[in-house]
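All ligand and atom numbering here is 1-based and tracks the order in the structure. Nothing fancy with the numbering, it's 1 onward along the sequence.
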Amino acid sequence: MTKSPRLNWGLIGASDIAETRMLPALRRMGQSVQGLASGHADHARAFAARNEIPSPYRDYHVEALLCDPTIDAVYVSSTNDQHLSHAVAAASAGKHVLCEKPLSVNLDDARKITAQCNVLGVVLGVNHHLPAAGTHRVVRKLLRDGAIGRALSVNVRHTSLLPERLRGWRLGDAPGAGVVMDLSCHDASVVNPLLGTRALETTAITVKQGRWDARSEDASSAVILYEDDVLVRLHDSFTTPHTPTYLEVHGDEGSIFAPEVMTPEPIGAVLLRDERGEREIAVTDRRHTYDITLERFTRAVRGEDRPVVDGHDALNAMAVCASILESARTGVRVSIDFDLPTNPQERVP
Ligand code: NDP
């Protein structure tokens, strides 16, 4: 493995994902965390102390962090409705930006972020972590190498019970709440580069089915038509505690089954079934997806690579989500505002 360049990081957002996933990943990858900014000083103080983060910025102000010339890159993990202002401010201060998914709460705002990062020449990575997984890379390679012939359909089930500690803004009615922005955006970040074609149209139904007072959808079922008549089905929910996740790709010469791969843990398997029967395909890279994302991001900052998911990829994931929400709201089939797909051949496997 190539050693990642060491960057000085500032964190915007004293969030659960920063504490449980990204700080451990930053430390495993030998990155330097210089400080934290937050809109809630008391919460941030306790968060910084608990996680041994230096606190050089008065009252944890975003502006103070962004004025620090020693910071190379900013990790934005505030709530989804704040990604636009935080990511644009970070880019405007000349910092490279690793932003949490979804990139923003709608396509227009997400475009503003990518445009600002492009104009200012800073790297934008988006923390859709699943495409980095060793399992997902094996699935993409099998499809690209023709192991199942021509892809005809993809099924994704991305379901779990939303942990109690996360039942706040996700179940509220602020922009960016709900299971589509939370989980379907991950699915789209997986399926788009897997197929490498344009997503065309969506039909979707969303519901509120959990035993809580949700003000946004907590389960969603969507059917998406990609180019070449490929059918994609996404089932996302916060509501089922014992339902395993999976990714399946069915082709005219075989099928790929990947159980338990829609998860942050580096687990799951890849099975190939064709005329020779069924066999497990080896997955050699079992590193944490967040580590791989950080490795690729830091190398992108040095101009040696591209982020696993860049702004363009994140816009296309957002376009799929927007179409799911629009179809569910209107009850009609909706066209997807999809940009040109990134050629899968251009991707580092
Ligand atoms: P949290 O609810 O834990 O944190 C979001 C914000 O809420 C924080 O940034 C913080 O505000 C504020 N906050 C949290 N706890 C407190 C508290 N006790 N008191 C006051 N304020 C508090 O969100 P998540 O970590 O679940 O999600 C953050 C982002 O990460 C979202 O964009 C989400 O979509 C994404 N995410 C990505 C995942 C992935 O796998 N890539 C997984 C989970 C989440 P402040 O910013 O002011 O510090």
Side-chain angles (χ1 to χ4, degrees), residues 10-26 35-51 53 55 57 59-66 74-87 89-90 97-106 109-110 113 125-133 136 158 160 162-172 174-190 216 236 238 245 261-266 288-294 297 307-309 313-314 317-318 321:
L11 272 45
I12 300 183
S15 65
D16 185 84
I17 180 79
E19 181 159 29
T20 58
R21 300 286 182 184
M22 291 306 284
L23 277 163
L26 285 160
L36 167 72
S38 163
H40 306 83
D42 288 343
H43 166 62
R45 197 166 294 113
F47 184 101
R50 205 164 60 234
N51 292 290
I53 301 173
S55 299
Y57 313 119
D59 292 332
Y60 299 90
H61 276 171
V62 170
E63 300 73 28
L65 181 147
L66 293 178
V74 168
Y75 167 57
V76 174
S77 70
S78 46
T79 48
N80 299 339
D81 54 348
Q82 294 179 289
H83 291 180
L84 171 64
S85 62
H86 288 153
V97 181
L98 178 60
C99 185
E100 264 309 335
K101 46 54 62 174
L103 181 52
S104 193
V105 296
N106 58 53
D109 288 355
I113 297 175
V126 184
N127 202 19
H128 286 286
H129 60 98
L130 290 171
H136 286 264
H158 197 167
S160 64
L162 186 64
E164 210 157 332
R165 69 178 198 283
L166 301 183
R167 293 178 196 169
W169 56 267
R170 279 181 177 75
L171 298 176
V179 77
V180 172
M181 285 295 187
D182 205 48
L183 299 184
S184 310
C185 74
H186 277 309
D187 306 349
S189 79
V190 165
S216 52
D236 299 290
F238 287 153
T245 71
V261 298
M262 302 300 290
T263 163
E265 306 303 333
H288 287 279
T289 53
Y290 301 103
D291 295 17
I292 300 168
T293 295
L294 280 172
F297 180 87
V308 176
V309 174
D313 302 326
M318 173 69 70
C321 289

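With a 4.0 Å heavy-atom cut-off, ligand 1 is reached by the side chain of Y290 but not by its N, CA, C or O. When heavy-atom distances to ligand 1 are checked against a 4.0 Å cut-off, L166 comes that close only through its side chain, counted from C-beta outward. Residue contacts with ligand 1, taken as heavy atom pairs separated by less than 4.0 Å, involve H40 via backbone and side-chain atoms alike. For W169, every heavy-atom contact with ligand 1 shorter than 4.0 Å involves the side chain, none the backbone. Only the side chain of H83 comes within 4.0 Å of ligand 1, counting heavy atoms alone; its backbone N, CA, C and O stay farther away.
Residues M22 and L294 have side chains in contact (heavy-atom distance under 4.5 Å, counting atoms from C-beta outward). Residues Y60 and H40 form no side-chain contact, since every pair of their non-hydrogen atoms from C-beta on lies 4.5 Å or further apart. Side-chain contact between M262 and H136 is present, with at least one heavy-atom pair separated by less than 4.5 Å. Considering only heavy atoms from C-beta on, R165 comes within 4.5 Å of D16 through its side chain. At least one side-chain heavy atom of Y290 sits less than 4.5 Å from a side-chain heavy atom of I17.
Residue, atom and distance of the protein heavy atom nearest to atom 45 (P) of ligand 1 are S38 OG, 3.5 Å. Nearest protein neighbour of atom 3 (O) of ligand 1, counting heavy atoms only, is D16 N, 2.8 Å. In terms of protein heavy-atom proximity, atom 5 (C) of ligand 1 is nearest to T79 CG2, 3.7 Å. Nearest non-hydrogen protein atom to atom 25 (O) of ligand 1 is I17 N, 2.8 Å. Nearest protein heavy-atom contact of atom 8 (C) of ligand 1 is A14 O, 3.6 Å. Atom 13 (N) of ligand 1 has H43 NE2, 3.8 Å as its closest protein atom, hydrogens excluded (heavy atom only). For atom 47 (O) of ligand 1, the closest non-hydrogen atom on the protein side is G39 N, 2.7 Å. The nearest protein atom to atom 31 (C) of ligand 1, hydrogens excluded, is given as N80 OD1, 3.3 Å; this is a heavy-atom distance.
Among Q82, K101, M181, the residue whose heavy atom lies closest to atom 34 (O) of ligand 1 is K101. Comparing heavy-atom distances from atom 29 (C) of ligand 1 across S78, G13, S15 singles out S78 as nearest. Relative to atom 28 (C) of ligand 1, the option among S77, A177, A41 with the closest non-hydrogen atom is S77. Nearest to atom 44 (C) of ligand 1 by heavy-atom distance, out of E100, M22, E19, R170, is R170.
Closest heavy-atom contact between D81 and P175: CB-O, 3.8 Å.
Checked by distance only, ligand 1 and A37 stay at 3.5 Å or farther apart across all their nitrogen or oxygen atoms. Considering backbone and side-chain atoms together, H129 places an N or O closer than 3.5 Å to an N or O of ligand 1. Taking any N or O of P102, backbone or side chain, none lies under 3.5 Å from an N or O belonging to ligand 1.
Near N127, the atoms of ligand 1 lying under 4.0 angstrom from a non-hydrogen atom of the residue are 41 (N).
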Evaluate F238 against D182 for side chain to side chain contact (heavy atoms under 4.5 Å, CB included), listing each step before the verdict.
CA-CA 9 Å; F238 287 153; D182 205 48; 3.4 Å; yes
Run L26 and L11 through side chain to side chain contact (heavy atoms under 4.5 Å, CB included) and show every step you take.
CA-CA 11 Å; L26 285 160; L11 272 45; 4.2 Å; yes
Worked verdict on V74 versus L66 for side chain to side chain contact (heavy atoms under 4.5 Å, CB included)
CA-CA 8 Å; V74 168; L66 293 178; 3.9 Å; yes
Quick one, C185 with M318, criterion side chain to side chain contact (heavy atoms under 4.5 Å, CB included). Give me CA distance, side-chain angles, the key distance, then yes/no.
CA-CA 6 Å; C185 74; M318 173 69 70; over 6 Å; no
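Applying the side-chain hydrogen bond (donor to acceptor under 3.5 Å, both in side chains) criterion to S160, with sequence neighbours excluded, gives no partner residue. Listed by chain and residue number, nothing satisfies the side-chain hydrogen bond (donor to acceptor under 3.5 Å, both in side chains) test with N80 (two or more places apart in sequence, or in another chain).
Among D187, T263, T245, the one residue that satisfies the side-chain hydrogen bond (donor to acceptor under 3.5 Å, both in side chains) test with H158 is D187.
Ligand 1 does not have R21 within reach: every non-hydrogen atom of the residue lies 4.0 Å or more from it.
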